[in-house]
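Hydrogens, waters and symmetry mates are skipped; everything else that's a heavy atom, side chains included, is used. Protein chains get the first letters and strands the later ones, always in sequence-line order, with residue 1 at the start of each.
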Amino acid sequence: MESNEINELGRWFEQEAGALVLYARQWLDPHAAEDAVQDAFIDLMNCRRQPEEAKPWLYQAVRFRALKMLRAGRRRIQREQVVAKEAEPSLEGSPAAMLDAREASQALAGLAAEEREVITLRIWGGLKLEQIAGITDCSVATVFRRYQAGLEHLRTQLETPCTIPSH
Amino acid sequence: MHHPLPLDPAGRELEKRLASLTPAPHGIRRDTLMFRAGQEAGRKQASRWRAISAVMGVMACASVTPWIMRSPAKPAPKVVLIDDGYPVLAGSRSQASRQPAESVVESLPPRVTPAYLRLRDQVLRQGVDALPSAGWAPMGDAALVCAGSLLPTQGGMPPAHDPLDEANFNDQGKRS
């Protein structure tokens with residue numbers, strides 16, 4: 001492995017690791033998601049031919065790994081996933097944030113899987129619709145339709161005032 | 001985002017608000033990742049060398065096995081030429097095959113018969129004129145003995161008729 005490859009990998013890691021883990025957390029618990037992301041980076045490093053576009057390649061690799069892990073231990077992971085969703089928000093706010101991170105995380109978790117995937121890839125992954133279409137293996141029009149629908153659902157959920165459960 | 005999508009203002013506003021949030025911090029350490037990547041690369045290289053050496057080992061075995069398994073060669077049947085004093089003509093094509101044998105196989109029965117001995121004595125006394133001029137075929141026992149001694153593998157059958165040899169033989173005989 002040459003030093004420029006290591007630097008390149010380090011750059012991709014700094015830029016994308018967080019979004020990739022967020023993407024993998026759709027299917028996996030936080031620890032399994034981190035494993036999937038690490039494996040994807042290692043795959044990228046050991047690729048005989050470097051992909052033309054590393055970023056979509058990484059998302060696709062994480063997706064592949066995550067779905068494989070999900071299939072391998074679907075029941076166990078789903079149970080852990082429910083616990084993880086409740087315990088840790090997948091998003092983090094900053095002072096400049098215009099939304100509550102916990103609320104947004106919950107709203108995101110409440111979306112349909114296809115909508116959540118497209119919104120994550122578009123907003124936090126910063127991918128183009130064409131790239132998302134390539135990753136999710138569907139048409140650009142479908143991706144756009146899902147994106148619109150996801151945003152609409154999020155807005156509905158986030159604008160709904162919090163109700164305090166009465167006992 | 002580089003390419004804004006054709007969304008309604010509310011959608012665009014929500015996009016902006018969502019983008020103000022960042023993914024939660026993760027527990028992947030860069031050093032750990034690099035270490036694992038190095039390990040994987042080393043393992044991959046080692047397995048490649050292992051595969052190459054395995055293939056070479058198989059090839060070596062494949063090339064050596066037939067050599068080891070080959071049954072000991074059967075001893076080639078020895079052609080034994082008995083120098084029985086039968087005249088050999090200079091320049092004859094069959095002269096090479098009439099070289100004196102270096103070793104004699106004991107198992108071959110001696111084929112010297114009284115008729116042959118008589119013929120040999122005649123030739124020694126009178127030269128090749130003593131030989132019958134009618135060729136090989138009707139010479140009886142003596143011819144068979146001569147042929148048998150020259151070509152033991154043919155089991156006593158007379159050698160193939162060689163007109164050139166015969167011509168040389170006759171010429172030689174007339175000259176002498």
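Heavy-atom distances place no part of A:Leu44 under 4.5 Å from chain B, backbone and side chain included. For B:Arg12, no part sits under 4.5 Å from any heavy atom of chain A, backbone or side chain. Of the atoms belonging to A:Phe144, it is side-chain heavy atoms, and not backbone ones, that fall under 4.5 Å from chain B.
Residue A:Met45 is grouped with residue A:Trp12 when hydrophobic side chains (ILVMFWY) are merged at heavy-atom distances under 4.5 angstrom, including chains of intermediate members. With hydrophobic clusters built from ILVMFWY side chains whose heavy atoms lie under 4.5 angstrom apart, A:Leu9 does not share a cluster with B:Phe35.
For the pair B:Leu117/B:Arg120, a side-chain contact is recorded, criterion being any heavy-atom separation below 4.5 Å from C-beta on.
Of the listed residues A:Glu92, A:Gln38, A:Glu14, the one with more heavy-atom pairs under 4.5 angstrom with chain B than any other is A:Glu92. In terms of heavy-atom pairs under 4.5 angstrom with chain B, the leader among A:Asp43, A:Leu22, A:Leu91 is A:Leu91. Ranked by heavy-atom pairs under 4.5 Å with chain A, the first of B:Arg30, B:Gln39, B:Glu13 is B:Arg30.
B:Asp8 has a carboxylate O that lies under 4.0 Å from a charged side-chain N of A:Arg155, or vice versa, which qualifies the two as a salt bridge.
At least one donor-acceptor pair under 3.5 Å links the side chain of A:Arg116 to the backbone N or O of A:Ala109.
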